[in-house]
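Beneath this line is the structure, given in structure tokens, with notes to follow.
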Amino acid sequence: MSPSPNVPAAPPGSPDDKKSGPSVFIVDDDDALVEALSDLLREEGYEVEAHTVASEALARLVAGTRPDVILLDYLMPEMKGDAFLAALDRAGIDVPVMVLSAMNESRLDVPVRRVRAMIRKPFDLEKLLDELSRLAA
């Protein structure tokens, strides 16, 4: 597996600091999707931190990083979405989660109180942006 393309936002006050909106964590093992979604969300004004390795994203969250929303792929090789969500619960981390998955929603085992939205892959970009805007408000 390739290294995680952790892409934190620019430091505050730097010329590249374009934060004008909520922060989003992307946790998905698909490098191409993570890169494209990161670029798109930054263009939409979001601060983005992206991870292709779920345990690295979890470590950042446990260490105290608190995004406004987590976009979570449900099927990842290292850690499935249900295990990631259970780890958030054990750590007492309460951040709204939007699950992205190619699986049918009825086959997903996710806590309703934790998962605030589910988007099926391939997803409609406008629907994803609408749901993200709602969750981040």
Side-chain angles (χ1 to χ4, degrees):
M1 172 163 285
S2 65
S4 177
N6 297 327
V7 188
S14 75
D16 294 330
D17 184 17
K18 297 179 182 177
K19 181 180 178 185
S20 61
S23 60
V24 177
F25 247 45
I26 300 172
V27 185
D28 194 306
D29 63 312
D30 183 335
D31 290 327
L33 177 64
V34 166
E35 185 175 336
L37 201 49
S38 295
D39 289 346
L40 170 79
L41 294 178
R42 283 190 184 101
E43 288 176 14
E44 293 291 322
Y46 289 93
E47 179 181 347
V48 177
E49 185 171 327
H51 296 270
T52 57
V53 178
S55 61
E56 291 176 6
L58 193 54
R60 292 274 298 140
L61 293 163
V62 169
T65 301
R66 290 296 181 270
D68 295 304
V69 179
I70 298 170
L71 297 182
L72 176 65
D73 181 19
Y74 190 79
L75 290 176
M76 294 179 285
E78 176 200 7
M79 179 185 298
K80 289 195 172 45
D82 56 349
F84 188 90
L85 293 166
L88 290 180
D89 283 341
R90 284 191 305 274
I93 298 168
D94 187 22
V95 174
V97 175
M98 179 189 309
V99 170
L100 307 173
S101 181
M103 289 177 58
N104 185 318
E105 290 179 27
S106 65
R107 295 181 55 208
L108 301 180
D109 181 25
V110 296
V112 175
R113 71 162 191 81
R114 165 74 67 189
V115 176
R116 309 279 170 74
M118 298 179 75
I119 302 286
R120 190 149 183 210
K121 291 180 181 178
F123 51 83
D124 175 88
L125 195 52
E126 289 304 315
K127 181 176 180 181
L128 181 129
L129 291 172
D130 287 347
E131 287 292 327
L132 187 56
S133 176
R134 180 182 66 82
L135 292 178

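Counting from 1, the numbers follow the sequence of the chain as shown.
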Quiz item: Rounded to the nearest 0.5 Å, what separation is found between the CD atom of E49 and the CD1 atom of I70?
Solution: 10.5 Å
Quiz prompt | Partners passing side-chain hydrogen bond (donor to acceptor under 3.5 Å, both in side chains) against S133 (at least two apart in sequence or in another chain) | solution = none
Self-check item: Shortest non-hydrogen contact between M98 and I119, atoms and distance
Solution: SD-CG1, 3.4 Å
Quiz item: Considering all heavy atoms of both residues, which atom of V48 and which atom of S38 are nearest to each other, and what is their separation?
Solution: CG1-OG, 3.7 Å
Quiz item: Do I26 and L33 pass the side-chain contact (heavy atoms from CB on, under 4.5 Å) test, and can you show the C-alpha distance, the side-chain angles, and the key distance before you say yes or no?
Solution: CA-CA 10 Å; I26 300 172; L33 177 64; over 6 Å; no
Quiz item: Taking the side chain as C-beta and beyond, is there a heavy-atom pair between Y46 and V69 under 4.5 Å?
Solution: no
Quiz item: With F25, which residues qualify under ring-ring contact (aromatic ring centres under 6.0 Å, His included), at least two apart?
Solution: H51
Quiz item: Between D68 (side chain) and S23 (backbone), is there a donor-acceptor pair under 3.5 Å?
Solution: yes
Quiz item: In chain order, what residues pass the salt bridge (charged side-chain N to carboxylate O under 4.0 Å, His left out) check against R134, with sequence neighbours excluded?
Solution: E131
Practice problem: Quick one: do D28 and K121 satisfy salt bridge (Lys or Arg N to Asp or Glu O under 4.0 Å)? Show the steps, please. | Solution: CA-CA 12 Å; D28 194 306; K121 291 180 181 178; 2.8 Å; yes
Self-check item: Closest approach of M79 to L58 (non-hydrogen atoms, all atoms of both residues)
Solution: CE-CD2, 4.1 Å
Exercise. Decide side-chain contact (heavy atoms from CB on, under 4.5 Å) for E35 and D39; before the verdict, give the C-alpha distance in whole Å, the side-chain angles of both, and the deciding distance to 0.1 Å.
Key: CA-CA 6 Å; E35 185 175 336; D39 289 346; 4.2 Å; yes
Practice problem: Report the C-alpha separation of L61 and F84 in whole Å, then their side-chain angles, then the decisive distance to 0.1 Å, and conclude whether the side-chain contact (heavy atoms from CB on, under 4.5 Å) test is met. | Solution: CA-CA 11 Å; L61 293 163; F84 188 90; 3.9 Å; yes
Quiz prompt | For the student: nearest non-hydrogen atoms of V95 and R66, plus distance | solution = CG2-CD, 4.0 Å
Quiz item: Would E78 and S55 count as having a side-chain donor-acceptor pair, cut-off 3.5 Å?
Solution: yes
Exercise. Could you point out which residue of V27, V34, V99, L41 forms a side-chain contact (heavy atoms from CB on, under 4.5 Å) with L71?
Key: L41
Self-check item: Distance-minimising heavy-atom pair for L135 and P96
Solution: O-CG, 4.4 Å
Quiz item: Between CG of L100 and CZ of R120, what distance do you get to the nearest 0.5 Å?
Solution: 13.0 Å
Quiz item: Do D124 side-chain atoms and K127 backbone N/O form a donor-acceptor pair below 3.5 Å?
Solution: yes
Self-check item: D30/D73 under side-chain contact (heavy atoms from CB on, under 4.5 Å): CA gap, chis, key distance, verdict
Solution: CA-CA 9 Å; D30 183 335; D73 181 19; 5.9 Å; no
Quiz item: Hey, does V24 have a side-chain heavy atom less than 4.5 Å from the side chain of L37?
Solution: no
